[in-house]
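Working notes for the structure below.
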Amino acid sequence: MSAETITLTLPDGSAREFPADATPLEVARTIGERLAKAAVAGQLDGAVVDLRAPIRRSGAFRVLTAKDPEAGAVIRHSAEHVLADAVERVFPGTIIDAGRQDHSEKFQYDFRIDHAFTQEDLEKIEAEMARIVKEGRPFERRVVGRPQAAEIFKSRKEEIKLVRLADIPEGDEITLFQHGEFVDLCRGPHVQRTDQIGAFKLIETSGAYFKGDERNEMLQRIYGTAFATKEELDAYFAKIEEARRRDHRRLGKELDLFSFSPLAPASPFFHPKGAAVYNELLAFMRGLYVKYGYQEVITPQLFDAELWKTSGHYFHYKENMFFAEVDEREYGLKPMNCPSHCVLFGVHAHSYRDLPLRIADFGRLHRYERSGVVQGLTRVRSFCQDDAHIFCMPSQIGAEVDSLFDLMFEVYGTFGFNDPVVYLSTKPEGAMGDDALWESAESQLQECLTRRGVAFTVNTGDGAFYGPKIDFVVHDAIGREWQLGTIQLDWNLPERFKLAYVGEDGAEQRPVMLHRAVLGSVERFFGVMLEHFAGDLPLWLAPEQARVLPVSDKFLDAARAVKAGLVAAGLRAEVDERSEKLGAKIRDGELAKVPVLLIVGAREAEAGGASVRLRHRGDLGSRTLDEIAATMTATTKQRALDPWPEAK
RNA sequence: GCUGGCGUAGCUCAACUGGUAGAGCAGCGGAUUUGUAAUCCGCAGGUUACGGGUUCGAGUCCCAUCGCCAGCUCCA
């Protein structure tokens, strides 16, 4: 292959030669005029490229049209320019900043304008955008020199663009995209014509700091989204609606699980039902602690500031802590358990034979979170973690991590969070501990992941300064990602607390500490899980596992007997004693998302059982009390997701 | 913390440009005795988040505080 030609392998497998400066659009024309017309972008070795940018290298190539999912980001990116164009037209004098990096779902643009956009403004802007889209203006791509670009933005009085231009590293190619009158500094890619933006909608406005830094001026941001078709746009909003329906804050209120009070901002009150669920989560973890060799401890809430000075929190985490002064002594409310576990480790002299020492703690933690960041149960100021610290020898890291993986996968699988995504973060700049320690630890972690065949992503340099870490991200029932578990290696705290064990050779050695949580914050997990199940908790977690519904008051005693039998079997059951019609009791039971409704009428009272109605599955017919209790206790014990396997 | 929005009965929400705060559900009382997603009648429920102000008059307009929501930011 000469320098002047490139070879492109097309989707049909054919390899064709093109001049090196050929653009995707030109390639598309050689395939077909209709394809060229429909083209939205090119794709070279998986990367989406602009139709007008010379390809310059060989590879697997294809033309993307609006039908391809990869085209969505290009469409949204183009809609973003149309948004900025429309705002400049509707609000002359507005200085534009820049759009969004990630166009996988949304687009956004920031503006300097002495006015906060209102809903009516958005409508006006949308109307203007619609006009621009309809006009089918072609996007033009231009490569320009730095002075030329500066000249263009200066003449347009786009002051912020000049700052942005200056931020582009020397030597980088500077490209401009223009449609109609509107010019923007942009890498692309963009669609050919504005009318390829099939359907768009502006979503909301907000303030946003210039370059995301709160010391900078605040700009006005507008968010929107766009798709090739109206159907896709509707599907996007349907998904948002589905997420709203599952919102744990809404479900928590509807199901009477928890609430908040202005008297304790960002600190949940778990009602009796919520507390029942919460305690089941803890009981689940406690059971696993026995299996995995943990010892649970209970440690104080409030510590002398001295502890936080030793741990380093006093200097690095103070702004997230609550303090109190009593008897002229400064105390800090614990935001983490690790320092107290270090104190605990120091209580006894330890032999290498004691290690690994696994210390679990469900202690309540308090962290001051800024008022703007707290949110439902997912970001609170008072919470507890299924926290544990493992003190071990550096050589034991691999085995400990291996065991942690078993634990993590067992826990996540129980909730139906299958195939968690794993991230490994490695040594950052300015880390503590010598390179040999880091290398050994990182390779032990990697080996463990590879041995298990767990797919993972390495975040190079993203580890904490005190050690590498592994994060677990799960997908919920509607595909959203949640980071839950974490494993962090730490050689800093053992050093600070001068922890030691006596090794085989009789010499004192420094242990390594592993911080780990599986659920993470139990509060946050509670929220995530509630959304994952859309409020339909599996039987073992349901605060009210069964509700007995007498067909009429005549069967109240029979209903109470069924409840008594279930309670005796260790189940959580209630009787609906209201003199309502059966239909009303069923409706209320369903709305309360009680997994098992047990109906007792003349037939069942006679036979000493109940008719079983399962949520989402309906009437199963009559069962004896013994059968009901046996099935429910079995699925509860197994923590099965399916409350009634025999019904299938 | 910042920008914007919001705060009315336990819950969900009404109350046009300032003019007597209202409904459904839940609650309570009564009637009804019900067979797989709402039986009927009645009663009660409010310092309109909180504190000031403008006005003859404020749920509505203005200021401050608290909280909630979205975004920014933070996440040793």
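Here is how names work: the chains are called A, B, and so on, in the same order as the sequence lines, proteins then strands, and each is numbered from 1.
The side chain of A/Ser552 lies closest to B/U33 when the candidates are B/C66, B/U33, B/A38. Relative to the side chain of A/Arg587, the nucleotides B/U34, B/A38, B/G35 differ in distance, and B/A38 lies closest. For A/Arg615, the side-chain atoms get nearest to B/A37 when compared with the rest of B/U39, B/A37, B/G35. Distance from the side chain of A/Lys253 is smallest to B/C11 among B/C11, B/G35, B/U39. Nearest nucleotide to the A/Ser579 side chain, out of B/U3, B/G1, B/A31: B/A31.
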Check your understanding: When Watson-Crick pairs (N1 to N3 and N6-O4 or O6-N4) and G-U wobble pairs (N1-O2 and O6-N3) count only below 3.5 Å on both distances, what is the dot-bracket string of RNA chain B, with | for other-strand pairs?
Key -> (((((((..((((.....[..)))).(((((.......))))).....(.(((..]....))).))))))))....
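Going from atom NE2 of A/His616 over to atom C1' of B/U36 covers 16 Å, rounded to whole Å. To the nearest angstrom, P of B/G35 lies 16 Å from CG of A/Leu597. Following rounding to the nearest Å, A/Arg215 (CZ) and B/C2 (P) show an atom-to-atom distance of 17 Å. Rounded to an integer number of Å, the gap from CZ of A/Arg613 to C1' of B/U36 is 5 Å. Computed from coordinates, the A/Leu219 CG to B/C2 C1' distance equals 12 Å when rounded to whole Å. The distance between atom CG of A/Asp557 and atom C1' of B/U33, rounded to the nearest whole Å, is 15 Å. Between the CZ atom of A/Phe111 and the P atom of B/U3 there is a distance of 20 Å, given to the nearest Å. Remark: P of B/U32 and CG of A/Leu556 are 16 Å apart, rounded to the nearest angstrom.
Nucleotides of RNA chain B nearest to A/Pro265 and A/Ser611 differ in position, and the one nearer the 5' end is that of A/Ser611. Mapping A/Gly618 and A/Tyr368 onto RNA chain B by nearest heavy atom places A/Tyr368 closer to the 5' end of the strand.
Nucleotides B/U73 and B/G4, compared at atom C1', are 16 Å apart to the nearest Å. Across the C1' atoms, B/C2 and B/A9 are found 35 Å apart, a figure rounded to whole Å. Nucleotides B/G27 and B/G10 have their C1' atoms positioned 8 Å apart, rounded to a whole Å. Look at the P atom in both B/G59 and B/G7: the space between them is 14 Å, to the nearest Å. Straight-line distance between the C1' atoms of B/G22 and B/A15: roughly 7 Å, to the nearest whole Å. Comparing the C1' positions of B/G57 and B/A64 gives a spacing of 23 Å, expressed to the nearest Å. Annotation: B/G24 and B/U65 have their C1' atoms spaced 34 Å apart (nearest Å). Taking atom C1' on both B/C16 and B/G52, the two are 29 Å apart, rounded to the nearest angstrom.
Using a 4.0 Å cut-off between a side-chain N of Lys or Arg and a carboxylate O of Asp or Glu, A/Lys239 and A/Glu242 do not qualify as a salt bridge. Using a 4.0 Å cut-off between charged nitrogen and carboxylate oxygen, A/Arg480 and A/Glu531 count as a salt-bridge pair. In this structure, A/Arg381 does not pair ionically with A/Glu369, as no charged nitrogen and carboxylate oxygen lie closer than 4.0 Å. In summary, A/Glu577 and A/Arg560 engage in a salt bridge, as defined by a charged side-chain N under 4.0 Å from a carboxylate O. Using a 4.0 Å cut-off between a side-chain N of Lys or Arg and a carboxylate O of Asp or Glu, A/Asp247 and A/Arg245 do not qualify as a salt bridge. A salt bridge is defined here as a Lys NZ or Arg NE, NH1 or NH2 lying under 4.0 Å from an Asp or Glu carboxylate O, and A/Glu105 with A/Arg76 fails to meet this definition. Between A/Lys124 and A/Glu120 no salt bridge is recorded (no basic side-chain N to carboxylate O distance below 4.0 Å). The pair A/Asp110-A/Arg221 meets the salt-bridge criterion, since a charged nitrogen lies less than 4.0 angstrom from a carboxylate oxygen.
Ring to ring, A/Phe117 and A/Phe91 are close: their centroids are under 6.0 angstrom apart. Proximity of the aromatic rings of A/Phe417 and A/His475 is defined here by a centroid distance below 6.0 angstrom, and this criterion is not met.
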Check your understanding: Tell me, for nucleotides 69-76 of chain B in 5' to 3' order, what letter each nucleotide earns: B for a base near a protein heavy atom under 4.0 Å, S for only sugar-phosphate near one, - for neither?
Key -> SSBBBBBB
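At a threshold of 4.0 angstrom between heavy atoms, the contacts of A/Gln488 with the nucleic acid are absent. Within 4.0 Å of A/Ala266, counting heavy atoms only, lie sugar-phosphate atoms of the nucleic acid but no base atom.
Cation-pi geometry between A/Lys318 and A/Phe323 is met: the NZ or CZ atom falls under 6.0 Å from the ring centre, inside 45° of the normal.
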